[in-house]
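Reminder, nothing fancy here: chain letters follow the sequence lines and each chain counts from 1.
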Protein chains: 2
Amino acid sequence: MNGDNKRNPLTQRERHAQMRRRQLIDTALRLFAERGLEKTTIKAIAEAAGVAQGLIYHYFPSKEALFFAVLDEHGFLPQLREILGAPHDRPVREVLAEIAVRYYTLLREKEAFLTVVMREALVNPGVQARLERLTREAVALLVRYLAARIAAGELRPHHPEVVALMLLSSVFMLHIGGMPVERVYDLVDVVLEGIVGQRAETR
Amino acid sequence: MNGDNKRNPLTQRERHAQMRRRQLIDTALRLFAERGLEKTTIKAIAEAAGVAQGLIYHYFPSKEALFFAVLDEHGFLPQLREILGAPHDRPVREVLAEIAVRYYTLLREKEAFLTVVMREALVNPGVQARLERLTREAVALLVRYLAARIAAGELRPHHPEVVALMLLSSVFMLHIGGMPVERVYDLVDVVLEGIVGQRAETR
DNA sequence: CCTACCGATCGGTAGG
DNA sequence: CCTACCGATCGGTAGG
């Protein structure tokens with residue numbers, strides 16, 4: 001959406017603009033988390049950020065677009081891309097555990113905003129669609145990773161989409177259920193090794 | 001909540017009262033699902049059920065109490081009790097698969113009501129508390145079952161609370177994600193056997 | 001009916 | 001020249 005098609009070294013002006021964009025997003029996150037989407041006015045965000053109301057519309061075409069930008073930047077996708085994007089030869093257990101811990105931590109830290117998002121998604125179809133898109137993208141990233149590990153013979157063949165959904169949804173519920181972070185390691189254990197004894201029982 | 005402490009053979013009057021109670025709950029479920037909690041009036045429920053408004057208050061002290069009764073009777077707990085309560089020597093895989101399929105089916109069938117409950121839980125702390133209580137009870141039932149299977153040597157030692165949460169939350173997300181029922185069998189596979197090859201990799 | 005307030009848009013300007 | 005930023009103003013609306 002922004003003109004990132006230039007050479008790497010940004011001018012001071014461009015860097016400043018990026019920081020300003022980020023500042024507006026962070027300010028919006030705080031106010032949205034405190035008051036909800038509808039009760040947070042563009043005016044209030046502008047005041048809290050110390051800028052004119054018009055400037056927000058220079059960066060974002062609408063309040064909804066700003067809300068979506070907050071979702072994109074403060075959701076789990078950036079971190080997931082960071083974890084899976086970097087070339088790695090780390091053991092699967094380590095990677096899945098890092099994903100689980102960081103997702104859990106994110107949910108803890110952004111709890112108030114998360115509540116707002118969830119509530120909004122149940123009422124606002126546009127928000128729901130955006131949230132589903134983000135979830136599908138996160139699942140797709142994980143699926144690509146798992147499929148590669150299967151192809152490499154590190155994991156036995158399975159349905160990676162189901163496993164991706166299991167990992168993310170279980171961490172989510174661990175958070176909702178108020179269980180401690182350490183439980184994510186038990187979770188990863190189950191995903192990796194299951195709960196039956198040394199040998200499979202029926203099948 | 002109702003006087004079930006008597007002898008087994010109910011009088012015809014008592015049986016009729018039970019049916020009436022059930023009818024009111026079912027009518028309420030339908031209207032709540034269609035219009036939401038707030039927009040559904042006791043008057044409308046009474047009319048739809050063909051009874052006087054006062055009769056509803058004979059069975060339920062408040063609209064909220066009626067809503068909770070719907071949650072109790074149409075939630076997953078009754079089915080879970082039925083599955084796990086009966087004495088069984090069925091393989092774990094079969095039991096977990098039945099739980100997963102029936103939970104998934106319930107979510108599909110009660111989708112409209114489910115949306116109302118979720119939205120209400122985010123707004124109404126009382127509903128949220130009730131929902132958490134129901135979830136904890138379902139998890140507790142599953143935990144008891146898994147712990148018994150561990151004690152019997154059928155399952156290797158693990159953290160049953162985490163597994164219970166994984167199973168239920170994953171089925172829930174399978175439904176939300178619009179994935180077909182058959183995926184619950186992949187899910188049960190992963191819970192039972194994990195995704196690593198014949199032998200555990202690190203650990 | 002009125003008015004307070006909303007999100008959105010405007011033209012103007014200063015500085016990189 | 002470009003664009004980040006400003007103050008002022010718009011039309012629409014919900015609630016008194």
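Across residues 32-43 of chain A, A/Thr40, A/Thr41, A/Ile42 each have a non-hydrogen atom less than 4.0 Å from an atom of DNA chain C (numbered order). Within residues 53-60 of chain A, the residues having any heavy atom under 4.0 Å from DNA chain D are, by residue number, A/Gly54, A/Leu55, A/His58, A/Tyr59. Residues from residues 117-126 of chain A that place a heavy atom under 4.0 Å from any atom of DNA chain C: there are none.
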Only pairs under 3.5 Å count here: list side-chain donor-acceptor contacts from residues 162-171 of chain B, not counting sequence neighbours, and write none if there are none.
from	atom 1	to	atom 2	distance (Å)
B/Ser169	OG	B/Leu165	O	2.8
B/Ser169	OG	B/Met166	O	3.4
B/Ser170	OG	B/Met166	O	2.6

Distance-only criterion, 3.5 Å: show the donor-acceptor pairs between side-chain atoms of residues 35-57 of chain B and protein atoms not counting sequence neighbours.
from	atom 1	to	atom 2	distance (Å)
B/Thr40	OG1	B/Leu31	O	3.3
B/Thr40	OG1	B/Gly36	O	2.6
B/Thr41	OG1	B/Ala44	N	3.0

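The side-chain hydrogen bond (donor to acceptor under 3.5 Å, both in side chains) search around B/Asp186 returns B/Arg183, not counting sequence neighbours. The salt bridge (Lys or Arg N to Asp or Glu O under 4.0 Å) search around B/Glu182 returns none, not counting sequence neighbours. Considering only residues two or more places apart in sequence or on other chains, B/Leu131 meets the side-chain contact (heavy atoms from CB on, under 4.5 Å) condition with B/Leu71, B/Val117, B/Ala121.
Taking OH of B/Tyr59 as the start and CD1 of B/Ile25 as the end, the distance is 10.5 Å to the nearest 0.5 Å. Note: A/His158 NE2 to A/Leu155 CG = 5.5 Å, rounded to the nearest 0.5 Å.
Under a 4.0 Å N-O distance rule, the pair A/Glu193/A/Arg93 qualifies as a salt bridge.
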- Task: Evaluate the side chain to side chain donor-acceptor pair (under 3.5 Å) criterion for residues A/Arg15 and A/Gln18: first the C-alpha distance (whole Å), next the side-chain angles of each, then the deciding distance (0.1 Å), finally the verdict.
- Result: CA-CA 5 Å; A/Arg15 269 186 291 116; A/Gln18 273 196 349; over 6 Å; no

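Surrounding OH of A/Tyr185 are at most 12 heavy atoms belonging to other residues, nucleotides or ligands under 6.0 Å away.
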With both pairing distances under 3.5 angstrom for Watson-Crick or G-U wobble, and | for a partner in another strand, the correct string for DNA chain C is ||||||||||||||||

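Phosphate proximity of D/dT3 to A/Arg13: absent, as no side-chain N or O sits under 4.0 Å from OP1 or OP2.
Within the structure, side chain to side chain donor-acceptor pair (under 3.5 Å) contacts touching residues 127-143 of chain A (residues at least two apart or in different chains) are A/Asp72-A/Arg130, A/Arg81-A/Glu137, A/Gln128-A/Glu132. Legend: ring-ring contact (aromatic ring centres under 6.0 Å, His included) pairs involving residues 70-90 of chain A, not counting sequence neighbours, sorted by first then second residue: A/Phe76-A/Tyr103, A/His88-A/Tyr145. Legend: ring-ring contact (aromatic ring centres under 6.0 Å, His included) pairs involving residues 31-53 of chain B, not counting sequence neighbours, sorted by first then second residue: B/Phe32-B/Phe67.
Look at CG on A/Leu66: it is 16 Å from P on C/dC6, rounded to the nearest Å. One interatomic measurement links the two molecules: CZ of A/Arg21 to P of D/dC5, which rounds to 13 Å at whole-angstrom precision. Residue A/Gln18 contributes atom CD, which lies 15 Å from atom C1' of D/dT3 at whole-angstrom precision. The interatomic distance linking A/Gln12 (CD) with D/dA4 (P) rounds to 14 Å, in whole Å.
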